[in-house]
Colleague: 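Take this structure, written in structure tokens, and hold onto it; I'll ask about it next.
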Protein chains: 2
Amino acid sequence: MVGMTDTRWLDDEEQRTWRAFVAFSRLLSEAMERQLHRDEGLPFSYYLILAMLSEAPGRSLTMTELASVVRASPSRMSHAVNKLQANGWVIRSRHPEDRRAIIASLTDEGMAVVEKAAPGHVGEVRRLVFDRLTPEQRESFDDILSTLLVGLDPDAPICPDTPVCPTDPEPPSALCPDDDIDECQSPADDCQAPPDDSDCDAA
Amino acid sequence: MVGMTDTRWLDDEEQRTWRAFVAFSRLLSEAMERQLHRDEGLPFSYYLILAMLSEAPGRSLTMTELASVVRASPSRMSHAVNKLQANGWVIRSRHPEDRRAIIASLTDEGMAVVEKAAPGHVGEVRRLVFDRLTPEQRESFDDILSTLLVGLDPDAPICPDTPVCPTDPEPPSALCPDDDIDECQSPADDCQAPPDDSDCDAA
DNA sequence: GATCAATCATTGAAACTTCAAGTACGATGG
DNA sequence: CCATCGTACTTGAAGTTTCAATGATTGATC
């Protein structure tokens, strides 16, 4: 049997939902891109990289870690970091213990870019999404997304309610820039005793 | 005022939801792209164009209509149709009544491509999305998406069932010709009721 | 210790999208 | 009539992402 002729097509409701999602997804990401590009001349993907770096311990992550956190391919990450480095927002250095690895670190200039861009970005997210949802809807949304993510990202920590770091006094967020992060420009960083990874950013 | 210092940051729950959405959105669209590219060598955007055309009356839409339906920029549509036309899946002809407009029509070859690609695509959507949601979740999802779409797409019919041309006020009787630079193969399928358009190009 | 597979990362070409003009046609108003 | 503006569409260049190929290092095996 070469062809499966018994495709289970979407019923009307499913089709309606699917099309709404496709439309929503495109429109929202375009809105985000537009806002960031207009205000900061930055694509969303690049903002995301800077934001994730800004939250990382020592503002540094391995290229692979970075790719995993923003869910990009290694190639894409490499091209992107080339660009960000050319802008002076990120620097590369070699990992002291694994010489295959490269550590990308956010520079002060890069941090400044994130801090400048964050309010506008968050404002847009709030305006287009959270200001329009009731608390119940938000909760449902989260529930649905968690459910679906499991199927898409086998090895992704949804980190349900597990604190990211056992001793994390304040909500660390790229979206909420914090200025008392210790300046750890040296890529040779501490905190690598345990084999477990230190962060579980779900985005 | 130069700086808004009163940004309303996202709380933990909102941030969690937002990151889950970003992750989900990227992973799902990548999965779709991958499946279509692997099986049909077709980007999702291009599949979407073909699918929308296949449903349109006379398998034809104006470039502007097409752009509106798939929510793409005119430029993008133009480039995309160039490519699709080069593949022989779409042809352009001049609009008989508004000579600014160009009508894009799906060829038989293009229709074949859609019909071949649809089952795999729908299968993926079902596998990654609908098979994982309870009916209640699906309904909530739809509700949330509808809510959010309103804010994103003011002039967009959520189009539950709203065809672009409900009763086709003016059947393009003579799509053809303009002798200029146009070749008018034969998009002149008047066709009001294709055999059975019931196939769902879920997208 | 040499080998082989797997991991980490980069590169260039090709593909797709966006941006900034630019052309052509239609509608409006003097 | 014709000047002007708005709409419909296209194009080329620049930017981003993907794909395929490659180099370098580590870890496991014999």
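Computed from a predicted model, the values in this text were never measured in an experiment.
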Colleague: Once you round it to whole Å, what is the distance between P of C/dT17 and CG of A/L36?
Modeller: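 It works out to 20 Å between those atoms.
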Colleague: Is the B/F21 to A/F24 ring centre distance short of 6.0 Å?
Modeller: yes
Colleague: Can you tell me the distance, in whole Å, between the CZ atom of B/R26 and the C1' atom of D/dT16?
Modeller: 12 Å
Colleague: Measure from CD on B/E65 to P on D/dT7 and round the result to the nearest Å.
Modeller: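 Computing the B/E65:CD to D/dT7:P distance gives 16 Å.
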Colleague: With a 3.5 Å cut-off and heavy atoms only, can you find an N or O donor on one side and an acceptor on the other between the side chain of A/H95 and the base of D/dT25?
Modeller: no
Colleague: Does a nitrogen or oxygen in the side chain of A/N82 sit under 4.0 Å from OP1 or OP2 of C/dT11?
Modeller: yes
Colleague: From the options C/dT10, D/dT11, D/dA8, select the nucleotide whose nearest atom is closest to the side chain of A/I102.
Modeller: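 For the A/I102 side chain, the nearest candidate turns out to be C/dT10.
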Colleague: Between C1' on D/dT16 and CD on A/Q85, what's the gap in Å once rounded to a whole number?
Modeller: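 My rounded result for the distance is 18 Å.
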Colleague: Return the value, rounded to whole Å, for the distance between atom OH of B/Y47 and atom C1' of C/dC16.
Modeller: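 So the OH-C1' distance, B/Y47 to C/dC16, works out to 20 Å.
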Colleague: How many Å lie between CZ on A/R71 and C1' on D/dT17, as a whole number?
Modeller: 18 Å
Colleague: Round to the nearest Å and state the distance from B/M77 atom CE to D/dA8 atom C1'.
Modeller: 13 Å
Colleague: How many whole angstroms separate atom CD of A/E97 from atom C1' of D/dG27?
Modeller: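 Checked: the CD to C1' distance equals 16 Å.
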Colleague: If you go through the side-chain atoms of B/S75, does one of them form a donor-acceptor pair with the base of C/dC19 closer than 3.5 Å?
Modeller: yes
Colleague: Of all the nucleotides listed (D/dT18, D/dT7, D/dT26), which has the minimum atom distance to the side chain of A/R100?
Modeller: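 Nearest to the side-chain atoms of A/R100, counting from C-beta on, is D/dT26.
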Colleague: What's the shortest heavy-atom distance between A/L53 and A/V90, and which atoms?
Modeller: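 Nearest heavy atoms, A/L53 then A/V90: CD1-CG2, 3.8 Å.
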Colleague: Is there a donor N/O on one and an acceptor N/O on the other, under 3.5 Å, for the side chain of A/H79 and the base of C/dG12?
Modeller: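 In this structure, the two groups form a donor-acceptor pair.
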Colleague: Counting just side-chain N and O atoms, does B/S73 come under 4.0 Å of either OP1 or OP2 of C/dC19?
Modeller: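 Answer no for this pair, as no side-chain N or O of B/S73 is under 4.0 Å from OP1 or OP2.
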Colleague: By nearest nucleotide on DNA chain C, pick out whichever of A/H37 and B/P43 is the more 5' one.
Modeller: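 Its nearest nucleotide lies further toward 5', so the answer is B/P43.
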Colleague: Heavy atoms from C-beta onward define the side chain here; which of C/dT17, C/dT10, D/dT17 lies closest to that of B/Y46?
Modeller: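 Closest nucleotide to the B/Y46 side chain: C/dT17.
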Colleague: Select one nucleotide: of C/dT11, C/dT18, D/dT18, the one nearest the side-chain heavy atoms of A/R76.
Modeller: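 Nearest nucleotide to the side chain: D/dT18.
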Colleague: One pair to check against side chain to side chain donor-acceptor pair (under 3.5 Å): B/D39 and B/Q35. What are the steps and the verdict?
Modeller: CA-CA 6 Å; B/D39 295 352; B/Q35 182 270 321; 3.0 Å; yes
Colleague: Judged by each residue's nearest nucleotide on DNA chain C, which is more toward the 5′ side, A/R34 or B/D98?
Modeller: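 First, find each residue's nearest nucleotide; the 5'-ward one identifies A/R34.
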Colleague: Under a 3.5 Å threshold, yes or no: a donor from one side chain and an acceptor from the other, between B/R26 and A/S45?
Modeller: yes
Colleague: When you measure from the side-chain N and O atoms of B/R94 to the phosphate of C/dC25, is any distance below 4.0 Å, counting only OP1 and OP2?
Modeller: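 For C/dC25, OP1/OP2 do not have a side-chain N/O of B/R94 under 4.0 Å.
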Colleague: If you look at every strand shown and take non-hydrogen atoms under 4.0 Å, does A/R99 touch a base, only sugar-phosphate, or nothing?
Modeller: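 Contact class for A/R99: sugar-phosphate only.
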Colleague: Side chain of B/T62 only, please: which of D/dG15, D/dA8, C/dT10 is the nearest?
Modeller: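 Looking only at side-chain atoms, B/T62 lies closest to D/dA8.
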Colleague: Answer with yes or no whether the side chains of A/T62 and A/R100 bring together a donor and an acceptor at under 3.5 Å.
Modeller: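 Distance-only check fails for A/R100 and A/T62.
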Colleague: Can you confirm if the aromatic rings of A/F44 and A/H121 lie within a centre distance of less than 6.0 Å?
Modeller: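 Aromatic pair counts; centres sit under 6.0 Å.
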